[in-house]
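Below you'll find the structure, written out as structure tokens, and then a few comments.
Note: hydrogens, waters and symmetry copies are ignored here, and every other heavy atom, side chains too, is used.
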Amino acid sequence: GNKRFIVYNGQEQKRYDGVDSPIEINGKLVYAAKEGNKHFIVYNGQEQKKYDLVYPPIVINNKLAYMAKEGDQWFIVKEK
């Protein structure tokens, strides 16, 4: 099908309907992904909470941060 994926250190990552904006945080791969109508961040191979929309991941003080939208509410999500 039309699945998309990222190759990281020579290894194919999980396939999704869409992937975007890969970055590395402390040696861990982080990217935005889409499956169906839900968007989420994949952090070190682990899918984070699913939202209606997520903005690309960024690094703040060596930690993951991103904006997300669910319904009419916006969130700023930051790794503890």
Side-chain angles (χ1 to χ4, degrees):
N2 290 331
K3 296 287 185 173
R4 292 170 172 64
F5 59 95
I6 292 174
V7 176
Y8 182 67
N9 288 333
Q11 295 187 1
E12 182 180 308
Q13 304 300 301
K14 186 174 176 181
R15 293 173 180 252
Y16 294 102
D17 292 338
V19 294
D20 192 22
S21 306
I23 62 172
E24 192 174 278
I25 301 175
N26 299 320
K28 298 174 184 168
L29 175 64
V30 181
Y31 56 94
K34 178 182 183 229
E35 192 67 43
N37 63 351
K38 289 297 183 175
H39 299 256
F40 49 95
I41 298 295
V42 178
Y43 181 40
N44 198 33
Q46 301 295 311
E47 297 175 4
Q48 305 300 297
K49 184 175 178 183
K50 296 182 177 174
Y51 295 95
D52 293 335
L53 181 65
V54 294
Y55 276 76
I58 62 170
V59 179
I60 298 176
N61 294 328
N62 293 320
K63 297 189 184 252
L64 167 65
Y66 60 95
M67 286 180 38
K69 182 180 182 194
E70 185 66 33
D72 61 352
Q73 294 186 0
W74 285 93
F75 303 92
I76 296 175
V77 182
K78 185 175 181 290
E79 178 184 11
K80 293 181 180 182

Does a salt bridge link Lys38 with Asp52, judged by any charged N lying under 4.0 Å from a carboxylate O?
->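 So Lys38 pairs with Asp52 through a salt bridge.
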Is the shortest distance from a Lys or Arg side-chain nitrogen in Lys14 or Glu47 to a carboxylate oxygen in the other one below 4.0 Å?
-> yes
Is the Phe75 ring parallel, tilted or perpendicular to the Tyr51 ring (thresholds 30°, 60°)?
-> tilted
Using the ring of each side chain (for Trp, its six-membered ring), is Phe40 parallel, tilted or perpendicular to Tyr16, with breaks at 30° and 60°?
->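 Perpendicular.
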According to a 4.5 Å side-chain heavy-atom criterion applied to Ile, Leu, Val, Met, Phe, Trp and Tyr, with indirect links allowed, do [X] and [Y] form part of one hydrophobic cluster?
X     : Y     : answer
Ile41 : Ile58 : no
Leu64 : Met67 : no
Val59 : Ile76 : no
Val77 : Ile23 : yes

d(Lys69 NZ, His39 NE2) to nearest 0.5 Å is 11.0 Å
Distance in Å, Lys63 NZ paired with Lys80 NZ, rounded so as to fall on 0.5 Å steps |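 Interatomic distance, Lys63 NZ to Lys80 NZ, rounded to 0.5 Å: 11.0 Å.
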Of all the heavy-atom pairs spanning Pro56 and Ser21, show the shortest one and how long it is.
->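 Distance-wise, the nearest heavy atoms are CB-OG, 3.3 Å.
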Grab the two heavy atoms, one from Leu29 and one from Ile6, that are nearest each other, plus how far apart they are.
-> CD2-CG2, 4.2 Å
Heavy atoms from other residues, nucleotides or ligands near CD of Glu12 exceed 12 (cutoff 6.0 Å) | yes
Glu79 vs Tyr43, side-chain hydrogen bond (donor to acceptor under 3.5 Å, both in side chains): CA-CA, chis, key distance, verdict | CA-CA 10 Å; Glu79 178 184 11; Tyr43 181 40; 3.0 Å; yes
Would you say Asn26's side chain and Asn62's backbone share a donor-acceptor pair under 3.5 angstrom?
-> yes
Passes salt bridge (charged side-chain N to carboxylate O under 4.0 Å, His left out), Lys3 versus Asp17? Steps please.
-> CA-CA 5 Å; Lys3 296 287 185 173; Asp17 292 338; 2.8 Å; yes
Do the side-chain N and O atoms of Tyr31 and Gln13 include a donor-acceptor pair separated by under 3.5 angstrom?
-> no
